[in-house]
Protein chains: 2
Amino acid sequence: MATRPLKIILTEDDDPIRERLASIVGAWSGAELCASCSNLEETFAAIENREIDLLITDLRLPDGSGIEAIRALAGKHPNAEAMVISVLADERSVLDAIEAGASGYLLKDADSIDLIDAIKDVMAGRSPISSRIARVLVRRLSDRKAESGAEEIDRPTLTTRETDILWGIAKGFTYGELADKLAISRQTVPVHIRNIYRKLQASNRSEAVFEAARLGLIKL
Amino acid sequence: MATRPLKIILTEDDDPIRERLASIVGAWSGAELCASCSNLEETFAAIENREIDLLITDLRLPDGSGIEAIRALAGKHPNAEAMVISVLADERSVLDAIEAGASGYLLKDADSIDLIDAIKDVMAGRSPISSRIARVLVRRLSDRKAESGAEEIDRPTLTTRETDILWGIAKGFTYGELADKLAISRQTVPVHIRNIYRKLQASNRSEAVFEAARLGLIKL
DNA sequence: GACCAAATACCATGAACATGGTATGGGTGG
DNA sequence: CCACCCATACCATGTTCATGGTATTTGGTC
């Protein structure tokens, strides 16, 4: 990291704030401010033209969202990092920014942002995130787990043979083909299938496949 | 929050560290240190007996994981908060802690943890999280989005009638039942089914259901 | 602990019967 | 032209019933 200055793009539509951030970055010897943009258009141009290590961007811009800038950056410079500095703290903005590829997210109201520390963090593979923003991520992840854990469906247990057969009928094999593949008699196949029906409370092949898919017994 | 002191449980097996943290909390007028525990057993007892606002816990304890303490807290005091202070930064530990209900997660190696700030943060509904830990959450969320957005499959178009029929065979209806439900002739049903087979490149009911489920044409 | 019988679960088979799949026709309306 | 509808008929396939073999587990006795 200390080998060469970090090439940084800064995007922020509010002039005083942008100049303040720019002066902080400019005063640091570890960084080189490639572009200081006040809207999306300038940012796109900066992304197209230069080698970039880091994009620091606001979200609400006069001609669109900073998230689009992050997406453009990810497309053009996959190894570059992106960090958001915004007043927005709603779930939609935060999650969309993360999805687009942002690794850091600082709230503007944070008292005296330590920008250089944040830049060092994000370039070292960490994620500087304001505690209010982090709560959005935490809630999202704990909710996810909660809901996926809430589906307490007691799925019936199928024997290995039954699983083989089930996979076969999902693939559309006939009794004969199935018997061939499993090296058993053509007459044995239906017996397993019958047991499958009982366990899945189905009464024919298609219903069994449907239930199996619903219960996650076969991978689609 | 300023009305009454926060009732806090502190769990940390390393004596010097625990005493240092305890002294920090003790020196703050806004908190009351209800219990200072060095293992899981003591923590469980403290959770059972008292009113609690916040649990601050290490993860690696001599008799188990602090995550179990968090789960116990969530069961007994649903409105209480939990915060982790640990050296562990692996994905498993972090996500399990979040899932269990932790709202904050500080790395022990953080230079001079500002514990009081972190406590204020977590009790104000924010999530104080070290940047290295935050990266785990960010990666998790962006990966999720990436994989769910990657499914770009061009699924065939079914007519309304065909969709009806498809749903019917997934439910295991026979030709006759299907004809009855849709008020059409029993002989017409196979025609639609045949068209479905063509579009889905299937050759029988079960394979059609399987393909339809895989393509997301029927909701499980 | 060693032994054996009963119970259980899984796998297998053949024959009789019901259903599904396919190939023919053709007809209506947008 | 396409989506939808109806009809007849043949044959392959799926479904059910009745039955037996094998391995593992259970529980009791010596």
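All values below were derived from every heavy atom in this structure, side-chain atoms included, with hydrogens, water molecules and symmetry-related copies excluded.
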Quiz prompt | Cation-pi geometry met for A:Lys171 and B:Phe210 (6.0 Å, 45°) | solution = no

To the nearest angstrom, the CZ-C1' distance between A:Arg194 and C:dA18 comes to 14 Å

**Asked** Is there a donor-acceptor contact under 3.5 Å linking the side chains of B:Ser131 and A:Ser127?
**Response** no

note: A:Ile184, atom CD1; C:dC11, atom P; distance rounded to Å ~ 9 Å

Side-chain atoms of A:His192 come closest, of D:dT16, C:dC11, D:dC4, to C:dC11

Below the 4.0 Å mark, does D:dC4 have OP1 or OP2 next to a side-chain nitrogen or oxygen of B:Thr160? yes

* N or O in side chain of B:Thr188 less than 4.0 angstrom from D:dA7 OP1/OP2 -> no

note: B:Gln187, atom CD; D:dC4, atom C1'; distance rounded to Å ~ 15 Å

Q. Phosphate oxygens OP1/OP2 of C:dA9: is one of them under 4.0 Å from a side-chain N or O of A:Thr157?
A. no

| field | Side-chain H-bond candidate by donor/acceptor type, A:Glu81 with A:Ser103, under 3.5 Å | value | yes

Whole-Å distance, B:Ile193 CD1 to D:dG14 P, equals 14 Å

Taking C:dG14, C:dG21, D:dC4 as options, the one with an atom nearest any side-chain atom of B:Tyr175 is C:dG21

Is the phosphate of D:dC6, meaning OP1 or OP2, less than 4.0 Å from a side-chain N or O of B:Arg186? no

Does A:Gln201 CD have over 12 foreign heavy atoms under 6.0 Å away? no

Per side chain to side chain contact (heavy atoms under 4.5 Å, CB included), B:Tyr105 is matched among B:Ile85, B:Leu137, B:Leu88 by B:Leu88

Rounded to whole Å, CD of A:Glu162 lies from C1' of C:dA9 at a distance of 10 Å

Nearest-nucleotide check on DNA chain C, A:Ser185 vs A:Lys199; residue mapping nearer the 5' end is A:Lys199

To the nearest angstrom, the CG-P distance between B:Leu178 and D:dC6 comes to 13 Å

Rounded to whole Å, the CD-P distance (B:Glu177 to C:dA18) equals 16 Å

Counting only side-chain N and O atoms of B:Arg161, is one of them less than 4.0 Å from OP1 or OP2 of D:dC5?
yes

Rounded to whole Å, the CG-C1' distance (B:Asn204 to D:dC11) equals 16 Å

Subject >> Phosphate-side-chain proximity, B:Thr174 and C:dG20, N/O vs OP1/OP2 below 4.0 Å >> reply: yes

inquiry  = Considering every strand and a 4.0 Å limit on heavy-atom distances, what is the contact class for B:Ser206: base, sugar-phosphate, or nothing?
reply    = nothing

Would you please confirm or rule out a distance under 4.0 Å between OP1 or OP2 of D:dC4 and any side-chain N or O of B:Thr159? yes

